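Note that the structure is predicted; figures quoted are calculated from it, not measured.
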Protein chains: 2
Amino acid sequence: MPTSLDWEKLSPDELIEAWPALSDEERQQGFSMLTHEEAPDFISPLSAQDPIDLITTLPEPDQKQWLRLLPPDDITDLVQEAPEEEREDLLRLLDKKAELETRALLEYDEDDAGGLMTPRFAKLRADMTASEAIRYLRAQATQNAELIYYGFVVDREDRLVGVVSFRELVISPPDRNLRELMTTDVVKVPEDMDQEEVSRVFRNADLICLPVIDAEGRIKGIVTGDDIVDVVDEEATEDMHRMGGSEVVEGPYLHAGILELLRKRGGWLVALLLLGFFTVEAMEQFKDTLATELKVLLSFIPLIISCGGNTGSQAATLAVRAMALGEVRLRDWVRVVRREIVMGLGLGAMLAATGIVAALIWNSVLGGDADPRMGDAPLNVAFAVGVSILCIVLWGTLAGSLLPFGLRAVGLDPASASAPLVATIVDATGLVIYFVVAGEILRTLGS
Amino acid sequence: MPTSLDWEKLSPDELIEAWPALSDEERQQGFSMLTHEEAPDFISPLSAQDPIDLITTLPEPDQKQWLRLLPPDDITDLVQEAPEEEREDLLRLLDKKAELETRALLEYDEDDAGGLMTPRFAKLRADMTASEAIRYLRAQATQNAELIYYGFVVDREDRLVGVVSFRELVISPPDRNLRELMTTDVVKVPEDMDQEEVSRVFRNADLICLPVIDAEGRIKGIVTGDDIVDVVDEEATEDMHRMGGSEVVEGPYLHAGILELLRKRGGWLVALLLLGFFTVEAMEQFKDTLATELKVLLSFIPLIISCGGNTGSQAATLAVRAMALGEVRLRDWVRVVRREIVMGLGLGAMLAATGIVAALIWNSVLGGDADPRMGDAPLNVAFAVGVSILCIVLWGTLAGSLLPFGLRAVGLDPASASAPLVATIVDATGLVIYFVVAGEILRTLGS
C-alpha cells in the first residue's frame, strides 16, 4: 500500500488499486489531485458497480466534489448504477444545470445513442456569418461545450439542417453565410439507435463526432470518438464473453465478485451439461454394440466428437464476428451456406485424409501384431473413421455458421452461439453420425 | 449489378460489392463521385489484398487520381500491400510531398505507432503568443494538416515539449506565451510501440489524438481517434479469430478466398486432430475395462469431456480478453490461479450436483428396471460421475486460465489459447481423470 508520500508518483491505475485500502483522509488527498480531464479516466476503469460504491460511502461534500468533476454523460452512467433509492440524493448534489442535463439523459437506455451522448455541443443558426460563428464558438469554449470544433446548424424548430467545422469557418471569408458553408448531408443517428450500430456508423463516417437526433429531427446531443472507442471495446468484450460460453462479466477480471462470476459462468455450463445428456443417451443406444461388435470404434469417440466441435466453434466464431462488424447481414445466409458447404467439404477432406493417415501410423507404431489396436482390418477401420470425419466436419461447419443466423433471425444475440454451445450440439449429433456411418461401413466391409 | 443510373443512390458499401463487375468506364464514374472524405472509407472496408489489386489494374491516370485522394498514412497502407516490384511505380505517381511522407512512413512496421500515424500535424514554438499560434494554425487549416485542433510545441531540436489545444488558445489572452499556456505533461507514445498498446494508452488518456515520438523525443506524427477505432476493431477481430481456433482472416468474410480460408481454418484443425490422438490412446488403454467391468461408465464419456472442454474454453476466453484489455498482466498469474481454484471448486460443485441429479433422473425416466442404464447401483455410478466432473472442471478452469499466461510468458499471443485448443487438451487429460477417479470409486463402492 502506498503511503501518502507517493501521491505525486501514483498513476491513476495505481490509485485505483490502492483505493480500497486508503483512509478517508488519503482518499480526499486523492480527489484533490484529480483534474477535470483526469476524473472521467479515474471513474471509467473501475467496474460498473465500483465507482458508485466508492462515492456513496463518502461524506456529502466529497460526493459533491466528485460529481462536479464529471461531464453529464458520465454522471448519468454513475447514477444509473446507483440503487433506485439513492438516485434522488445524488441528483440533488449537482448544480442546477448539470441536474437538468442528467435528468434528461437518464430518460435514455444506457446502451442507446441517447445514453451515450453529451448534451454539451454548440448550436448555430444558418443565417450567421462565418465570423459570427467563430465568435460564438469561442464563447462556448469558455463555457461547457465539450467540443467546439464542430458547429451544428439548426432551424427555428431546433431541427438539424447542417454541420460546419471550425476549420471550415476559419478558412472561409468571414462574411460568408453558414447556409453556404455548411454540409447539409449530415451523418446522424436517431436517439434510440443501439450503441453497437452507432459505432458502425461512426466507423464508416470517419468523423470526430456524430450528432444524435430525435424522431422530429431535433438535435439532442453528440457522441464523440472516445465514447465510440469505449463502445467498440465493450461490445467486443461482450461478444467474446458470450462466445466463450459465459454471461457478460462487467468490469476488470480481478475486480469481479466470486459469487457474480459463479453465477455468470455457471449458468451456461449447467445448461450445457444438461444439453449434454443427449450424448449420454446416444452412447446408451450404441453401448452394447460398442462393447462387442464395434469395439474397434470405441477409441475414436473423443477424437471424432472434438473434431466436429472444433470445426463448429471455429465456423461460429467467424460468422459471429462478421455479423458484429456488419460484413454479413441476415439476408446473406444463402451465400454463407453456399460458402460453408464448400468449406465443409474442403476441410472435411483435409481432416479425413489426416485422420486416416494418422490412424494407420498410430496403429502400426503403438499397436502392431502383438497388440492390435484396430483389429484385423485396420484399413477398413481407418476408412470408416475418415468418412465419419468428413461427414461430421461438413455438419459442424454448417451448424456452426448457421446457428448465429438462426439466433439473430429470432431476435437473439448471434454471439450466444458460443463455442461451447456449438461444440455441445455438434457433439451429440456427431456421435450419432459416427456410429451410423462408421458402423455401416464396417458392417459392409468387415472389421 | 447496378446500372450507371444508380450512381446517385449507391452507398460506398454497394459500390464495393458491385466493383468487380463494373466496366472501366463505370469505375471512372465511381472515382469521380468520391470526395476527399469518402476515399479513405472506400478503401478501408476492402480486404487487405483487394484495394491494391483494384488500383494496379487501372490505367495510370486513374491510379494517380486514386492515390492523390488519400492521406499519406492510408497511401502507406496501400503501398505495403503491393508486391515489392510495384511499390516504386506507385510511389512515383505521388506528388513530391506525399512521396517523401510516404517513404518516411514505409520505414515503420504497419502494426507500430509509426505505421499508424499521419505526419500532417501542426508544430508550434514555445515563444509564440496565443494569437500568433491561432494565426499559424488557421494557415495550416488551408494546407494539409489533418488536425488543427491541437498544436504541438517543439524546441529547436524538434523535441516535443508541450501541447496546447485550439480551444485553450482562443480562450486565452492573445499575447500570452505558449510556454505559459501549454500542458507539458503530454501523453505520448514511442514510434515503435505496438498498435494494441497504443490503443490502450489512447483509451486511458481520453484525447482526440496522440503524438508519436522517436528515441530522441522528437515528434514524428500523430495518431487520431478514428485510427484507434480501427485498431481496436482489428485487434478484437484478430483475437476472436484466434480464439475460435483459426488463423486471422483479413478482410470481410464474404470476400476472403476459399483457398486462403481452407489454409487458415484447416491448419489449426489438422493440428488439433493430431493432438487428439492422445485421446485415442487414452481410450485404448481403458477400452477393455470399458467394454466389460466399467461398461456403465461408457455412456458418460462425451458428457464428461465436453464438460471439461466447456469450462476450459470459457476460462481461457475470459483470461485472454482480460489480458488484451490490460486488466491482467503476466505478473498477476498468482492472483489468477488463486481466483480460479476457488472458481473451479465452485463451478465443479455446481456441475457435479447437476450431473448427479440429472443422471439419476435420466436413469429412472428413460431406464428403470426393465432397461437398466446405470447398472445395479445407480447411486454409486452417479456419485462417481459427479466426483469426476468436480475434478475435471477444476482442472479445466485452471488449465484454461493459465494457458494464456504460459503463452505470453514464452512470447506468444495469449489468444492462441483458443477454445478448441484448450478443449482438446482438457479432453485428453479429462478422460484419464475420469477413468481413474470414477473407476476407483466404482471398484471401491461396487457398481
Notebook entry, point to check: By a 4.5 Å heavy-atom criterion (distance strictly below it), what part of Ile258(B) contacts chain A: side chain, backbone, both, or neither?
Noted result: both
Item checked: When Phe277(B), Phe300(B), Phe278(B) are compared by non-hydrogen pairs under 4.5 Å with chain A, the top option -> Phe277(B)
Next item on the list: Sort Ala282(A) into side chain, backbone, both or neither according to what part of it lies under 4.5 angstrom from a heavy atom of chain B.
Entry: neither
Notebook entry, point to check: chain B: which of Asp332(A), Leu298(A), Val320(A) shares the most heavy-atom pairs with it under 4.5 Å?
Noted result: Leu298(A)
Next item on the list: Using a cut-off of under 4.5 Å on heavy-atom pairs, state which of Leu325(A), Leu303(A), Val231(A) scores highest against chain B.
Entry: Leu303(A)
Next item on the list: With a 4.5 angstrom heavy-atom cut-off, could you sort out which part of Leu431(B) is near chain A: side chain, backbone, both or neither?
Entry: side chain
Note to self: Looking at Arg200(A) and Ala324(A), would you say the former's side chain and the latter's main chain have a donor-acceptor pair under 3.5 Å?
What the structure shows: yes
Check: Given the options Leu269(A), Val393(A), Leu261(A), which has more heavy-atom pairs under 4.5 Å with chain B than any of the others?
Finding: Leu269(A)
Next item on the list: Against chain A, work out which of Ala353(B), Ala358(B), Ala428(B) has the most heavy-atom pairs shorter than 4.5 Å and name it.
Entry: Ala358(B)
Checklist line | Interface moiety of Ile305(A) toward chain B, non-hydrogen atoms closer than 4.5 Å | finding: side chain
Next item on the list: Work out which heavy atom in Val249(A) is nearest to a heavy atom in Ala256(A); give both atom names and the distance.
Entry: CG1-CB, 3.9 Å
Check: Going from CD1 on Ile134(B) to OG on Ser172(B), what distance comes out if it is rounded to the nearest 0.5 angstrom?
Finding: 8.0 Å
Next item on the list: Examine whether an atom of Ile389(B) lies under 4.5 Å from a heavy atom of chain A, and if so say whether it belongs to the side chain, the backbone or both; otherwise answer neither.
Entry: side chain
Notebook entry, point to check: Which answer fits Ala316(B), side chain, backbone, both or neither, if we ask what part of it has an atom under 4.5 Å from a heavy atom of chain A?
Noted result: neither
Note to self: If you count heavy-atom pairs within less than 4.5 Å of chain B, which of Thr354(A), Asn310(A), Val342(A) leads?
What the structure shows: Asn310(A)
Notebook entry, point to check: Do you know which of Thr237(A), Ile301(A), Leu274(A), Val229(A) has the most heavy-atom pairs under 4.5 Å to chain B?
Noted result: Thr237(A)
Checklist line | Which atoms of Val280(A) approach chain B - backbone, side chain, both or neither, heavy atom under 4.5 Å | finding: both
Next item on the list: Could you look at Ile304(A) and say if it's the side chain, the backbone, both or neither that has a heavy atom under 4.5 Å from chain B?
Entry: neither
Notebook entry, point to check: So, the side chain of Tyr434(B) versus the backbone of Leu297(B): is there a donor-acceptor pair under 3.5 Å, distance only?
Noted result: yes
Next item on the list: Would you mind checking which part of Leu421(A) comes under 4.5 Å of any heavy atom in chain B, side chain (CB onward), backbone (N, CA, C, O), both or neither?
Entry: neither
Check: Side chain, backbone, both or neither: which part of Leu254(B) has a non-hydrogen atom closer than 4.5 Å to chain A?
Finding: both
Checklist line | Least distance between heavy atoms, Ser165(A) atom then Tyr150(A) atom | finding: CB-CE2, 3.8 Å
Item checked: Over all atoms of both residues, closest heavy-atom pair of Leu318(B) and Ser246(A) -> CD2-OG, 4.1 Å
Check: How about Glu284(A) and Ser299(B): does a side-chain donor come under 3.5 Å of a side-chain acceptor?
Finding: yes
Checklist line | Contact leader toward chain A among Met240(B), Met350(B), Gln285(B), His241(B), where contacts are heavy-atom pairs under 4.5 Å | finding: Met240(B)
Notebook entry, point to check: Which one, Ile228(B), Asp239(B), Thr311(B), Leu275(B), leads in non-hydrogen pairs under 4.5 Å with chain A?
Noted result: Thr311(B)
Next item on the list: Could you pull out the closest heavy-atom pair between Val426(B) and Gly309(B), with the gap in Å?
Entry: CG1-N, 4.1 Å
Checklist line | Contacting region of Val270(B) [heavy-atom separation from chain A under 4.5 Å] | finding: both
Next item on the list: To the nearest 0.5 angstrom, please state how far the CG atom of Leu347(B) sits from the CG atom of Leu345(B).
Entry: 9.5 Å
Next item on the list: Among the options Ala236(B), Ala322(B), Ser199(B), pick out the one with the most heavy-atom pairs lying under 4.5 Å from chain A.
Entry: Ala236(B)
Notebook entry, point to check: Checking Thr397(A) against chain B: side chain, backbone, both or neither under 4.5 Å from a heavy atom?
Noted result: side chain
Notebook entry, point to check: Between Glu281(B), Gln314(B), Met283(B), which shows the greatest number of heavy-atom pairs under 4.5 Å with chain A?
Noted result: Gln314(B)
Margin query: Which heavy atom of Ser401(A) sits nearest to which heavy atom of Val336(A), and what is that distance?
Written below: CB-CG1, 4.2 Å
Note to self: Quick test of your reading of the model: are Glu327(B) and Arg335(B) salt-bridged, counting only N-O distances below 4.0 Å?
What the structure shows: no
Check: Which answer fits Asp233(A), side chain, backbone, both or neither, if we ask what part of it has an atom under 4.5 Å from a heavy atom of chain B?
Finding: both
Note to self: For Ser313(B) versus Pro420(A), what's the shortest heavy-atom pair and its separation?
What the structure shows: OG-CG, 4.0 Å
Checklist line | Residue Thr424(B) versus chain A: region with a heavy atom under 4.5 Å | finding: side chain
